[in-house]
S.K.: 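My questions all concern the structure below.
Convention: sequence-line order gives letters A, B, ...; per-chain numbering from 1. Not measured: the values here are computed from a predicted model.
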Number of protein chains: 2
Amino acid sequence: MEDAKNVTITDSEWMVMRAIWTMGHATSRELIDAMNELEGWSASTTKTLLHRLIQKQAVAQHGGSRPFTYKPVVGEKESMAAAADDLFDHMCAMRAGSTIAGVIQSRELSRADIANLQAILAEKAKTAPEEVQCNCLPGDQTC
Amino acid sequence: MEDAKNVTITDSEWMVMRAIWTMGHATSRELIDAMNELEGWSASTTKTLLHRLIQKQAVAQHGGSRPFTYKPVVGEKESMAAAADDLFDHMCAMRAGSTIAGVIQSRELSRADIANLQAILAEKAKTAPEEVQCNCLPGDQTC
DNA sequence: TTATTGTGACTACAGTTGTAAACTAATAAG
DNA sequence: CTTATTAGTTTACAACTGTAGTCACAATAA
(Lines give C-alpha, C1' and ligand atoms only; values in the text may rest on other atoms or scores of the structure.)
Protein backbone atom coordinates (compact mmCIF):
# COMPACT_ATOMS: atom_id res chain seq x y z
CA MET A 1 0.00 0.00 0.00
CA GLU A 2 1.07 3.58 -0.51
CA ASP A 3 2.79 5.23 2.36
CA ALA A 4 1.07 8.56 2.72
CA LYS A 5 2.04 8.94 6.33
CA ASN A 6 5.29 9.75 7.97
CA VAL A 7 6.05 12.96 6.11
CA THR A 8 7.07 16.01 8.03
CA ILE A 9 4.80 19.00 7.74
CA THR A 10 6.72 22.21 8.22
CA ASP A 11 5.54 25.23 10.18
CA SER A 12 4.19 27.18 7.22
CA GLU A 13 2.62 24.13 5.73
CA TRP A 14 0.96 23.56 9.03
CA MET A 15 -0.87 26.88 8.70
CA VAL A 16 -2.31 25.77 5.39
CA MET A 17 -3.30 22.44 6.83
CA ARG A 18 -5.14 24.14 9.65
CA ALA A 19 -7.18 26.10 7.16
CA ILE A 20 -7.95 23.04 5.08
CA TRP A 21 -8.83 20.98 8.11
CA THR A 22 -11.14 23.64 9.38
CA MET A 23 -12.81 24.23 6.05
CA GLY A 24 -13.01 20.52 5.36
CA HIS A 25 -12.21 21.17 1.71
CA ALA A 26 -11.37 24.30 -0.18
CA THR A 27 -10.42 25.78 -3.51
CA SER A 28 -7.06 27.38 -3.95
CA ARG A 29 -8.75 30.76 -4.10
CA GLU A 30 -10.30 30.25 -0.70
CA LEU A 31 -7.02 29.14 0.73
CA ILE A 32 -5.09 31.98 -0.86
CA ASP A 33 -7.53 34.46 0.61
CA ALA A 34 -7.50 32.87 4.03
CA MET A 35 -3.72 32.72 4.16
CA ASN A 36 -3.46 36.26 2.96
CA GLU A 37 -5.73 37.43 5.70
CA LEU A 38 -4.20 35.23 8.38
CA GLU A 39 -0.53 35.52 7.55
CA GLY A 40 -0.31 38.19 4.92
CA TRP A 41 1.11 35.73 2.42
CA SER A 42 1.14 36.40 -1.28
CA ALA A 43 -0.86 34.11 -3.51
CA SER A 44 2.34 32.47 -4.73
CA THR A 45 3.35 31.47 -1.27
CA THR A 46 0.11 29.70 -0.59
CA LYS A 47 0.26 28.01 -3.97
CA THR A 48 3.73 26.71 -3.29
CA LEU A 49 2.81 25.40 0.11
CA LEU A 50 -0.28 23.74 -1.27
CA HIS A 51 1.86 22.11 -3.89
CA ARG A 52 4.34 20.79 -1.42
CA LEU A 53 1.53 19.41 0.68
CA ILE A 54 0.20 17.60 -2.35
CA GLN A 55 3.60 16.14 -3.06
CA LYS A 56 3.85 15.03 0.52
CA GLN A 57 0.41 13.52 0.13
CA ALA A 58 -0.93 15.44 3.04
CA VAL A 59 -3.52 17.02 0.76
CA ALA A 60 -5.23 15.74 -2.39
CA GLN A 61 -6.69 17.46 -5.41
CA HIS A 62 -10.32 16.57 -6.13
CA GLY A 63 -12.80 17.24 -8.95
CA GLY A 64 -11.64 16.79 -12.54
CA SER A 65 -12.34 20.31 -13.77
CA ARG A 66 -10.22 23.37 -13.29
CA PRO A 67 -11.13 25.03 -10.10
CA PHE A 68 -9.98 21.99 -8.15
CA THR A 69 -10.97 21.25 -4.62
CA TYR A 70 -8.36 20.39 -2.06
CA LYS A 71 -8.98 18.03 0.78
CA PRO A 72 -6.83 16.77 3.61
CA VAL A 73 -5.46 13.29 3.30
CA VAL A 74 -3.99 13.15 6.77
CA GLY A 75 -6.20 13.77 9.77
CA GLU A 76 -5.75 16.70 12.08
CA LYS A 77 -5.81 14.65 15.23
CA GLU A 78 -3.25 12.14 13.96
CA SER A 79 -0.98 14.85 12.66
CA MET A 80 -1.09 16.71 15.92
CA ALA A 81 -0.44 13.55 17.86
CA ALA A 82 2.52 12.76 15.62
CA ALA A 83 3.94 16.24 16.03
CA ALA A 84 3.55 16.11 19.79
CA ASP A 85 5.11 12.69 20.02
CA ASP A 86 7.96 13.86 17.91
CA LEU A 87 8.57 16.71 20.28
CA PHE A 88 8.52 14.59 23.39
CA ASP A 89 10.75 12.00 21.76
CA HIS A 90 13.47 14.60 21.66
CA MET A 91 13.14 15.51 25.28
CA CYS A 92 14.35 13.83 28.40
CA ALA A 93 11.74 11.29 29.45
CA MET A 94 12.25 12.42 32.99
CA ARG A 95 11.01 15.90 32.18
CA ALA A 96 7.92 14.99 30.24
CA GLY A 97 5.70 15.30 33.28
CA SER A 98 6.62 18.84 34.13
CA THR A 99 6.50 19.87 30.50
CA ILE A 100 2.99 18.53 30.17
CA ALA A 101 2.12 20.35 33.36
CA GLY A 102 3.31 23.59 31.82
CA VAL A 103 1.31 23.02 28.71
CA ILE A 104 -1.84 22.28 30.63
CA GLN A 105 -1.40 25.42 32.65
CA SER A 106 -0.88 27.65 29.67
CA ARG A 107 -3.67 26.30 27.45
CA GLU A 108 -7.36 26.77 27.53
CA LEU A 109 -9.15 23.50 28.12
CA SER A 110 -12.86 22.84 28.16
CA ARG A 111 -14.62 21.09 31.01
CA ALA A 112 -14.89 18.01 28.86
CA ASP A 113 -11.18 18.09 28.05
CA ILE A 114 -10.34 18.31 31.71
CA ALA A 115 -12.68 15.50 32.66
CA ASN A 116 -11.13 13.39 29.96
CA LEU A 117 -7.62 14.09 31.14
CA GLN A 118 -8.61 13.32 34.70
CA ALA A 119 -10.02 9.98 33.67
CA ILE A 120 -6.87 9.12 31.75
CA LEU A 121 -4.69 10.10 34.64
CA ALA A 122 -6.72 8.12 37.13
CA GLU A 123 -6.30 5.08 34.96
CA LYS A 124 -2.62 5.72 34.44
CA ALA A 125 -2.03 6.19 38.14
CA LYS A 126 -2.80 2.53 38.69
CA THR A 127 0.35 1.38 36.98
CA ALA A 128 2.58 4.40 37.30
CA PRO A 129 6.20 3.83 38.32
CA GLU A 130 7.69 5.63 41.27
CA GLU A 131 10.39 7.20 39.11
CA VAL A 132 10.98 7.78 35.44
CA GLN A 133 14.54 7.33 34.27
CA CYS A 134 16.44 10.00 32.39
CA ASN A 135 17.22 8.72 28.93
CA CYS A 136 19.53 11.47 27.74
CA LEU A 137 22.82 9.63 27.92
CA PRO A 138 24.00 6.05 27.80
CA GLY A 139 24.09 4.74 31.32
CA ASP A 140 21.66 5.89 33.97
CA GLN A 141 22.00 9.50 34.88
CA THR A 142 19.67 11.93 36.47
CA CYS A 143 19.29 15.20 34.77
CA MET B 1 20.33 43.90 28.44
CA GLU B 2 21.48 41.08 26.21
CA ASP B 3 18.80 38.88 24.83
CA ALA B 4 20.05 35.36 25.34
CA LYS B 5 16.61 33.85 25.13
CA ASN B 6 14.30 33.36 22.28
CA VAL B 7 16.65 31.48 19.97
CA THR B 8 15.47 28.37 18.26
CA ILE B 9 17.36 25.22 19.08
CA THR B 10 17.25 22.76 16.23
CA ASP B 11 16.76 19.03 16.51
CA SER B 12 20.43 18.07 16.38
CA GLU B 13 21.38 20.88 18.66
CA TRP B 14 18.78 19.60 21.05
CA MET B 15 20.63 16.32 21.36
CA VAL B 16 23.75 18.15 22.43
CA MET B 17 21.80 20.25 24.89
CA ARG B 18 20.36 17.14 26.46
CA ALA B 19 23.83 15.79 27.04
CA ILE B 20 25.06 19.07 28.49
CA TRP B 21 22.03 19.46 30.68
CA THR B 22 22.40 15.95 32.00
CA MET B 23 26.13 16.25 32.61
CA GLY B 24 25.73 19.72 34.08
CA HIS B 25 28.95 20.80 32.39
CA ALA B 26 31.28 19.00 30.03
CA THR B 27 34.40 19.28 27.94
CA SER B 28 34.17 19.01 24.21
CA ARG B 29 35.86 15.62 24.41
CA GLU B 30 33.14 14.31 26.68
CA LEU B 31 30.46 15.67 24.45
CA ILE B 32 32.09 14.37 21.30
CA ASP B 33 32.29 10.92 22.86
CA ALA B 34 28.73 11.00 24.12
CA MET B 35 27.36 12.14 20.79
CA ASN B 36 29.41 9.60 18.96
CA GLU B 37 28.01 6.85 21.10
CA LEU B 38 24.46 8.18 21.10
CA GLU B 39 24.11 9.30 17.51
CA GLY B 40 27.19 8.06 15.75
CA TRP B 41 28.26 11.58 14.93
CA SER B 42 31.77 12.46 13.90
CA ALA B 43 33.75 14.77 16.15
CA SER B 44 33.33 17.60 13.66
CA THR B 45 29.60 17.40 13.82
CA THR B 46 29.49 17.75 17.56
CA LYS B 47 32.00 20.60 17.41
CA THR B 48 29.89 22.45 14.89
CA LEU B 49 26.75 22.00 16.90
CA LEU B 50 28.49 23.11 20.05
CA HIS B 51 29.68 26.17 18.23
CA ARG B 52 26.29 27.07 16.96
CA LEU B 53 24.90 26.67 20.45
CA ILE B 54 27.52 29.04 21.75
CA GLN B 55 26.63 31.58 19.10
CA LYS B 56 22.99 31.23 20.00
CA GLN B 57 24.02 31.73 23.60
CA ALA B 58 22.41 28.53 24.68
CA VAL B 59 25.75 27.29 25.94
CA ALA B 60 28.77 29.13 27.32
CA GLN B 61 32.47 28.36 27.35
CA HIS B 62 34.05 28.40 30.81
CA GLY B 63 37.61 28.22 32.20
CA GLY B 64 40.26 30.32 30.52
CA SER B 65 42.67 27.55 29.61
CA ARG B 66 42.45 25.24 26.66
CA PRO B 67 40.33 22.29 27.48
CA PHE B 68 37.32 24.53 28.02
CA THR B 69 34.28 23.52 29.92
CA TYR B 70 30.86 24.03 28.42
CA LYS B 71 27.83 24.81 30.46
CA PRO B 72 24.21 25.45 29.59
CA VAL B 73 23.01 29.02 29.62
CA VAL B 74 19.38 28.21 29.06
CA GLY B 75 17.61 25.86 31.42
CA GLU B 76 16.22 22.55 30.37
CA LYS B 77 12.80 23.11 31.85
CA GLU B 78 12.40 26.53 30.25
CA SER B 79 13.60 25.30 26.90
CA MET B 80 11.24 22.39 26.95
CA ALA B 81 8.37 24.60 27.98
CA ALA B 82 9.20 26.99 25.15
CA ALA B 83 9.36 24.19 22.62
CA ALA B 84 6.07 22.75 23.80
CA ASP B 85 4.37 26.12 23.77
CA ASP B 86 5.67 26.73 20.31
CA LEU B 87 4.17 23.50 19.14
CA PHE B 88 0.77 24.15 20.65
CA ASP B 89 0.75 27.67 19.32
CA HIS B 90 0.71 26.21 15.84
CA MET B 91 -2.18 23.93 16.53
CA CYS B 92 -5.87 24.55 16.70
CA ALA B 93 -6.69 25.61 20.25
CA MET B 94 -9.73 23.42 20.09
CA ARG B 95 -7.60 20.33 19.67
CA ALA B 96 -5.10 20.98 22.41
CA GLY B 97 -7.04 18.90 24.91
CA SER B 98 -7.08 15.72 22.90
CA THR B 99 -3.48 16.18 21.88
CA ILE B 100 -2.42 16.48 25.48
CA ALA B 101 -4.47 13.41 26.22
CA GLY B 102 -2.55 11.51 23.57
CA VAL B 103 0.75 12.62 24.96
CA ILE B 104 -0.17 11.62 28.47
CA GLN B 105 -1.23 8.23 27.28
CA SER B 106 1.93 7.57 25.34
CA ARG B 107 4.44 8.79 27.92
CA GLU B 108 5.71 7.29 31.08
CA LEU B 109 4.84 9.42 34.08
CA SER B 110 5.81 8.93 37.68
CA ARG B 111 3.31 8.88 40.50
CA ALA B 112 4.47 12.32 41.50
CA ASP B 113 4.00 13.62 37.97
CA ILE B 114 0.49 12.26 37.87
CA ALA B 115 -0.41 13.69 41.26
CA ASN B 116 0.91 17.04 40.13
CA LEU B 117 -1.09 16.96 36.93
CA GLN B 118 -4.19 15.99 38.83
CA ALA B 119 -3.76 18.90 41.17
CA ILE B 120 -3.32 21.30 38.30
CA LEU B 121 -6.36 19.96 36.55
CA ALA B 122 -8.51 20.16 39.64
CA GLU B 123 -7.57 23.79 39.98
CA LYS B 124 -8.10 24.49 36.34
CA ALA B 125 -11.50 22.83 36.37
CA LYS B 126 -12.82 25.60 38.56
CA THR B 127 -12.63 28.17 35.83
CA ALA B 128 -12.77 26.03 32.73
CA PRO B 129 -15.04 27.17 29.89
CA GLU B 130 -17.65 24.88 28.46
CA GLU B 131 -16.14 25.11 25.01
CA VAL B 132 -12.86 26.18 23.50
CA GLN B 133 -13.09 28.05 20.23
CA CYS B 134 -11.25 26.98 17.11
CA ASN B 135 -8.73 29.65 16.21
CA CYS B 136 -7.63 28.38 12.84
CA LEU B 137 -9.41 30.87 10.63
CA PRO B 138 -10.71 34.40 10.93
CA GLY B 139 -14.29 34.24 12.09
CA ASP B 140 -15.57 31.48 14.33
CA GLN B 141 -15.48 28.08 12.82
CA THR B 142 -15.45 24.65 14.29
CA CYS B 143 -12.84 22.33 13.02
C1' DT C 1 62.81 23.81 21.84
C1' DT C 2 60.93 21.25 18.62
C1' DA C 3 57.66 17.67 17.16
C1' DT C 4 53.11 15.94 18.20
C1' DT C 5 48.61 15.96 19.33
C1' DG C 6 44.36 17.45 21.26
C1' DT C 7 41.01 21.22 20.83
C1' DG C 8 38.95 24.98 18.98
C1' DA C 9 37.85 27.98 14.61
C1' DC C 10 36.77 28.30 9.84
C1' DT C 11 35.09 26.35 5.53
C1' DA C 12 31.99 23.26 2.80
C1' DC C 13 28.15 21.55 0.80
C1' DA C 14 23.82 19.40 -0.23
C1' DG C 15 18.99 19.37 1.30
C1' DT C 16 15.04 21.87 3.46
C1' DT C 17 12.16 25.82 4.35
C1' DG C 18 10.07 30.37 3.78
C1' DT C 19 8.86 33.38 0.51
C1' DA C 20 7.64 34.68 -4.04
C1' DA C 21 8.10 35.75 -9.26
C1' DA C 22 7.39 33.99 -13.84
C1' DC C 23 5.35 31.06 -16.99
C1' DT C 24 1.60 28.12 -18.93
C1' DA C 25 -2.77 26.21 -19.51
C1' DA C 26 -7.74 26.47 -18.85
C1' DT C 27 -11.93 29.15 -18.51
C1' DA C 28 -14.84 33.05 -18.82
C1' DA C 29 -16.03 37.41 -21.08
C1' DG C 30 -16.86 40.05 -25.10
C1' DC D 1 -13.03 33.12 -31.91
C1' DT D 2 -9.97 36.39 -29.51
C1' DT D 3 -8.88 38.31 -25.27
C1' DA D 4 -8.65 38.72 -20.44
C1' DT D 5 -8.62 36.28 -16.14
C1' DT D 6 -7.82 32.74 -13.13
C1' DA D 7 -5.69 28.60 -11.52
C1' DG D 8 -1.98 25.55 -11.61
C1' DT D 9 3.18 24.49 -12.53
C1' DT D 10 8.12 25.74 -12.65
C1' DT D 11 11.76 28.24 -11.32
C1' DA D 12 14.30 31.21 -7.85
C1' DC D 13 16.81 32.24 -4.08
C1' DA D 14 18.50 33.32 0.47
C1' DA D 15 18.57 31.46 5.21
C1' DC D 16 18.81 27.56 7.96
C1' DT D 17 20.10 22.51 9.01
C1' DG D 18 22.57 18.29 9.15
C1' DT D 19 26.77 16.56 8.50
C1' DA D 20 31.60 16.84 8.17
C1' DG D 21 36.52 18.16 6.41
C1' DT D 22 40.48 21.25 7.04
C1' DC D 23 43.27 24.67 9.20
C1' DA D 24 45.49 26.93 13.20
C1' DC D 25 46.95 27.22 17.62
C1' DA D 26 47.74 25.80 22.45
C1' DA D 27 49.48 22.04 25.49
C1' DT D 28 52.38 18.34 26.05
C1' DA D 29 55.90 14.94 25.17
C1' DA D 30 60.43 14.08 23.47
Side-chain angles (χ1 to χ4, degrees), chain A residues 6-20 23 25-71 73 79 83 86-87 89-90, chain B residues 6-20 23 25-71 73 79 83 86-87 89-90:
Chain A
N6 217 3
V7 225
T8 316
I9 293 172
T10 72
D11 281 352
S12 323
E13 286 165 1
W14 200 270
M15 296 299 140
V16 178
M17 287 309 296
R18 280 179 72 174
I20 298 182
M23 297 167 137
H25 57 79
T27 63
S28 65
R29 172 91 343 244
E30 293 173 307
L31 288 170
I32 286 169
D33 291 347
M35 290 307 118
N36 177 263
E37 182 162 356
L38 283 169
E39 311 283 330
W41 289 343
S42 84
S44 295
T45 300
T46 302
K47 287 180 189 180
T48 301
L49 260 6
L50 193 50
H51 237 264
R52 290 181 183 166
L53 286 168
I54 289 170
Q55 289 181 309
K56 292 181 178 182
Q57 302 188 58
V59 164
Q61 230 176 22
H62 289 264
S65 52
R66 239 320 169 83
F68 294 123
T69 297
Y70 297 90
K71 290 207 239 175
V73 169
S79 299
D86 200 57
L87 177 75
D89 280 347
H90 287 262
Chain B
N6 218 1
V7 226
T8 316
I9 293 172
T10 71
D11 281 352
S12 322
E13 286 165 1
W14 200 269
M15 295 299 138
V16 178
M17 287 309 296
R18 280 179 72 173
I20 297 182
M23 297 168 138
H25 58 78
T27 64
S28 65
R29 172 95 336 250
E30 293 173 308
L31 287 170
I32 286 169
D33 290 346
M35 290 307 119
N36 177 262
E37 181 163 356
L38 282 169
E39 310 283 329
W41 288 343
S42 85
S44 295
T45 300
T46 302
K47 287 180 188 178
T48 301
L49 260 6
L50 194 49
H51 237 265
R52 289 182 183 166
L53 285 168
I54 290 170
Q55 289 181 310
K56 292 182 180 184
Q57 302 188 58
V59 164
Q61 230 176 21
H62 289 263
S65 52
R66 238 325 166 84
F68 294 122
T69 297
Y70 298 91
K71 290 206 238 176
V73 170
S79 299
D86 199 58
L87 177 75
D89 281 345
H90 286 260

S.K.: Just verifying a value: how many Å separate T27(B) OG1 and H62(B) NE2, rounded to the nearest 0.5 Å?
M.R.: 14.0 Å
S.K.: Students should find this one: the first and last nucleotides of DNA chain C, 5' to 3', lying under 4.0 Å from a heavy atom of chain B. What are they?
M.R.: dG6(C) to dA12(C)
S.K.: Among R18(B), R52(B), K56(B), find the residue that satisfies the salt bridge (charged side-chain N to carboxylate O under 4.0 Å, His left out) test when tested with E13(B).
M.R.: K56(B)
S.K.: Take the protein atom CH2 of W14(B) and the nucleotide atom C1' of dC16(D), then report the distance between them rounded to whole Å.
M.R.: 18 Å
S.K.: Assign a letter to each nucleotide of nucleotides 17-22 of chain D from its 5' end: B, base within under 4.0 Å of a protein heavy atom; S, sugar-phosphate only; -, no contact.
M.R.: SBBBB-
S.K.: Dump the intermediate steps for side-chain contact (heavy atoms from CB on, under 4.5 Å) on T46(A) and S28(A), then the final yes or no.
M.R.: CA-CA 8 Å; T46(A) 302; S28(A) 65; over 6 Å; no
S.K.: Show the nearest heavy-atom pair for residues V59(B) and V73(B), with the distance to one decimal.
M.R.: C-CG2, 3.6 Å
S.K.: For a side chain to side chain contact (heavy atoms under 4.5 Å, CB included) with W41(B), tell me which candidate from L49(B), I32(B), N36(B) qualifies.
M.R.: L49(B)
S.K.: Sort and list the pairs that fulfil salt bridge (Lys or Arg N to Asp or Glu O under 4.0 Å) and have at least one residue in residues 27-43 of chain B, not counting sequence neighbours.
M.R.: R29(B)-D33(B)
S.K.: Output all residues satisfying side-chain contact (heavy atoms from CB on, under 4.5 Å) with H90(B), sequence neighbours left out; order by chain, then residue number.
M.R.: D11(A), W14(A), M15(A), D86(B)
S.K.: Rounding to 10°, can you tell me the angle the first-five-pair axis of the helix from dT1(C)-dA30(D) to dG30(C)-dC1(D) makes with its last-five-pair axis?
M.R.: 10°
S.K.: For nucleotides 24-30 of chain D, give me one character per nucleotide, 5' to 3': B if any protein heavy atom sits under 4.0 Å from the base, S if the only such contacts are to the sugar-phosphate, - if neither.
M.R.: -BSS---
S.K.: What residues form a side-chain hydrogen bond (donor to acceptor under 3.5 Å, both in side chains) with T45(A), not counting sequence neighbours?
M.R.: S42(A)
S.K.: How close do A58(B) and M17(B) get, counting heavy atoms only, and between which atoms?
M.R.: O-CE, 3.6 Å
S.K.: I need the minimum non-hydrogen distance between I54(A) and Y70(A), along with the two atoms involved.
M.R.: CD1-CE2, 3.5 Å
S.K.: Going from CD1 on I20(A) to CG on L31(A), what distance comes out if it is rounded to the nearest 0.5 angstrom?
M.R.: 5.0 Å
S.K.: Using the rule given for side-chain contact (heavy atoms from CB on, under 4.5 Å), can you reason through V7(B) versus Q57(B), listing the C-alpha separation, both sets of side-chain angles and the distance that settles it, and then say yes or no?
M.R.: CA-CA 8 Å; V7(B) 226; Q57(B) 302 188 58; 5.7 Å; no
S.K.: Within the 4.5 Å heavy-atom criterion, are M35(A) and V16(A) side-chain neighbours or not?
M.R.: yes
S.K.: Please report, rounded to the nearest Å, how far the C1' atom of dT5(D) is from the CD1 atom of I32(A).
M.R.: 13 Å
